[in-house]
Protein chains: 2
Amino acid sequence: MSFSHPASSPNVTMADVARIAGVSTITVSRALRAPQTVAPATRERIEQAIQQTGYVFDSVAGSLKSRRTNLVLVLIPSIMHSYLAHMIQGISDVISPRGLHLVLGTTEETPEGEERTIRAFLPLRPCAILMHNTVHTARTREELLRYGVPLIETGDLIAEPLGHVVSYSNHEAARAMTAHLAATGRKRIAFIYRGPGNERTWIRRSGYRQALADAGLTFAPELEVAAEPGFAGAATALRYLMGLAQPADAGFFVGDDLAAGAMIECQRQGWSVPGRIAVAAYDDSELAAHVDPGITSLRIPRYELGRQAGELLLESLESGAPLSDSRSIDLGFTLNVRQST
Amino acid sequence: MSFSHPASSPNVTMADVARIAGVSTITVSRALRAPQTVAPATRERIEQAIQQTGYVFDSVAGSLKSRRTNLVLVLIPSIMHSYLAHMIQGISDVISPRGLHLVLGTTEETPEGEERTIRAFLPLRPCAILMHNTVHTARTREELLRYGVPLIETGDLIAEPLGHVVSYSNHEAARAMTAHLAATGRKRIAFIYRGPGNERTWIRRSGYRQALADAGLTFAPELEVAAEPGFAGAATALRYLMGLAQPADAGFFVGDDLAAGAMIECQRQGWSVPGRIAVAAYDDSELAAHVDPGITSLRIPRYELGRQAGELLLESLESGAPLSDSRSIDLGFTLNVRQST
DNA sequence: ATGAAAGCGCTAACAT
DNA sequence: ATGTTAGCGCTTTCAT
């Protein structure tokens, strides 16, 4: 597509500012980037020239020569996943004060979508890349490693990351919750996830299965249910589970709002919680804490995940350490037991 | 800050590709941007050279020469406001296929924050700017107009926009809901907003007050309450309203999740809804529709707001029309009446 | 503390 | 359909 709209019309350049201030362009450049290296009096004249002309620095030109942008690419499955908002805010809070900007891309939940998105974004020359995903195509892995900027993966603690990892263990979190349900005497614990599920879903499911095995409970395939998104999906899944020959006595709802939908359905049907069925949620929310009965949930430190990822990114940029010596940070999770279990 | 990390190491340039393909750089450039203007055989050789070298286009250099970036600046109050996610997704869905990238900035809810953010982002030379805000400092207005790219404001239909407007009327929406409450016989209608409130809050309040006047109800200052954020804030506000000498008989909850918090408190206190008090929400949500009783809410077309803003932005970029001939699009709202009123 | 020269990797403008 | 020339606005490098 060709845009006839100029980014900015007859423009004031650094050269103009320099001329007015009676210095060379490089001095203006230094006054902007490292003020302390320019004499106060000179700086003053430059400031005035900038005010007078309304000069706006052009980082496109700056980046071309310096071979360094201030763009951080953040790749997420979808913007609509509200649970990512906290993480993104965490990233933003850390990088913005350092002059870095956040460019948002979505992967549509698939490695292929991620590959397309990355290919579309690399021409921007981001100075770092953060991905809420740990499963990539071979080409993506290769292209990212070749590109050579700091890489951070979030989403799960993985064995062979591309670069840094900041996360918690999905497997352990799901296992801990399932173990809690088993410890409170539940025998028919269902695992309800938002279909069609992604890599993290399967990891969580493996934690669930492991906890069942640990507790000596028999694994029942009919208790693993892919729910349609939304409250209605949760309700449908729950009705199915309660209608089984051997009904579920606990539901572990893995995904945005699934547990809330289930609670509403229990109320509607008159199924007492936790009397008839225990309800547990993967992700904590204000709702989970405030409804009556409160919903037992896993608290994932989403904001902190973003903050730490941002910090790590800044450190990496400053140290210039090679991708190969990467760090893996485990931020853990908390099991908030409430009245629903 | 100085980063020693190169955005990309010893790089393949267009000149390298051109040499290998046996053409000039401009031909490679054309093959990438307008393939149909290059002979198929030539194109083929260029493709191969790109594959072979792993060449990645550098849009920093491209933008410098063409004076045109593909960055769209999207300014929002805060990333944590989940109701904006739909709008941002709408924008993204429209602009991504056209090769534009979304850069996210936050204004911290104040015109001064917005001014700082814009100043920090203008050096990126975004090709368009979208703001979920209609109140700007004088300097911001001046800087944006001078900068000269297409501008879109969302958040409210305003009389004197900087550029285009895509929104609905906050005043009319609040008025319609309040009128509905009055029409169903409520006399003591409370207006509960998330404190400290922003420009949109006051506009909505003016709609509320207008509807009261229209219905011949006396305005009661004690019925306008700034709630603390979160469910607890809504509960506190509600208890206050019910404890008044003349208690409220309807609550219009204006802000994220306030209504849900109120419903929970009603349940806890045993206040029947809508018998003892009617509950209405400014913003529709899945929760509002599914809880029992369902919550009467205003549906704001958030995704569509983003989509249309994106479309308008693309049109503006293509037409190159001056900022002055801007459009104002009213997407309206819907009043979803449910059992809570 | 400041400057001169060179050039980053592309694309506009004008050929042919 | 393809090429030549020039230069976008900065920063690097090397001087002074």
Side-chain angles (χ1 to χ4, degrees), chain A residues 1-46 49-50 53 55-70 99 122-125 127, chain B residues 1-4 6-19 21-46 49-50 53 55-70 99 122-125 127:
Chain A
M1 97 187 288
S2 95
F3 294 139
S4 58
H5 222 116
S8 158
S9 321
N11 229 348
V12 182
T13 70
M14 210 177 247
D16 299 323
V17 173
R19 198 176 318 110
I20 292 170
V23 293
S24 66
T25 56
I26 185 63
T27 304
V28 177
S29 176
R30 284 197 265 249
L32 291 172
R33 292 178 301 148
Q36 71 288 359
T37 67
V38 173
T42 313
R43 219 154 64 200
E44 182 59 32
R45 270 181 294 136
I46 291 172
I50 289 174
T53 55
Y55 169 69
V56 175
F57 177 75
D58 188 334
S59 66
V60 174
S63 292
L64 174 57
K65 180 61 191 180
S66 67
R67 319 256 337 99
R68 187 187 310 129
T69 67
N70 46 12
L122 283 194
L124 288 183
R125 305 290 161 156
C127 66
Chain B
M1 99 187 286
S2 97
F3 294 138
S4 59
S8 160
S9 318
N11 227 349
V12 182
T13 70
M14 210 177 245
D16 299 323
V17 173
R19 196 177 319 109
V23 293
S24 66
T25 57
I26 188 67
T27 304
V28 177
S29 177
R30 284 197 265 251
L32 291 172
R33 291 178 301 150
Q36 71 287 1
T37 67
V38 172
T42 314
R43 220 155 63 201
E44 182 59 33
R45 271 179 295 134
I46 291 171
I50 288 174
T53 55
Y55 169 69
V56 175
F57 176 74
D58 188 335
S59 65
V60 174
S63 291
L64 176 57
K65 179 62 191 179
S66 67
R67 318 251 344 93
R68 187 187 310 128
T69 67
N70 46 14
L122 283 194
L124 289 183
R125 304 290 159 156
C127 66

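The sequence lines fix the lettering, A, B, ..., with proteins before strands; numbering per chain opens at 1. This structure is a prediction, so every number in the text was calculated from the model and none was measured.
Expressed to the nearest 0.5 Å, how far CZ of B/R67 lies from NZ of B/K65 amounts to 10.0 Å. Remark: B/T53 OG1 to B/M14 CE distance equals 11.0 Å, nearest 0.5 Å. Note: A/T69 OG1 to B/L124 CG = 9.0 Å, rounded to the nearest 0.5 Å. For the atom pair B/L32 CG and B/I50 CD1, the distance stands at 4.5 Å (nearest 0.5 Å).
With sequence neighbours left out, the side chain to side chain donor-acceptor pair (under 3.5 Å) criterion links B/T37 to no other residue. When the side chain to side chain donor-acceptor pair (under 3.5 Å) test is applied to A/S63, no partner is found at least two apart in sequence or on another chain. A/L64 meets the side-chain contact (heavy atoms from CB on, under 4.5 Å) test with B/V60, B/A61, B/L64; sequence neighbours excluded. With sequence neighbours left out, A/S29 forms a side chain to side chain donor-acceptor pair (under 3.5 Å) with A/R33.
At the heavy-atom level, A/S59 lies nowhere under 4.0 Å from the strands shown. Residue-level contact check: B/S63 touches neither bases nor backbone, having no heavy atom under 4.0 Å from any strand.
Applying the salt bridge (Lys or Arg N to Asp or Glu O under 4.0 Å) test to pairs two or more places apart or on separate chains, none has a residue in residues 20-31 of chain A.
Counting 5' to 3', DNA chain D first comes under 4.0 angstrom of a heavy atom of chain B and last does so at the ends given by D/dA1 to D/dG9. Once you apply a 4.0 Å limit to the heavy atoms of chain A, the touched nucleotides of DNA chain C run 5' to 3' over C/dA1 to C/dG9.
Between A/A61 and B/T37, the residue anchored closer to the 5' end of DNA chain D is B/T37, taking for each the nucleotide with the nearest heavy atom. Mapping A/V60 and B/P40 onto DNA chain D by nearest heavy atom places B/P40 closer to the 5' end of the strand.
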Exercise answer: donor-acceptor pairs, residues 17-26 of chain A side-chain atoms, under 3.5 Å, sequence neighbours excluded:
| unit_1 | atom_1 | unit_2 | atom_2 | d |
| --- | --- | --- | --- | --- |
| A/R19 | NH1 | A/D16 | OD1 | 3.4 |
| A/R19 | NH2 | A/D16 | OD1 | 3.2 |
| A/S24 | OG | A/T27 | OG1 | 3.3 |

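Across residues 16-25 of chain A, A/V23, A/S24 each have a non-hydrogen atom less than 4.0 Å from an atom of DNA chain C (numbered order).
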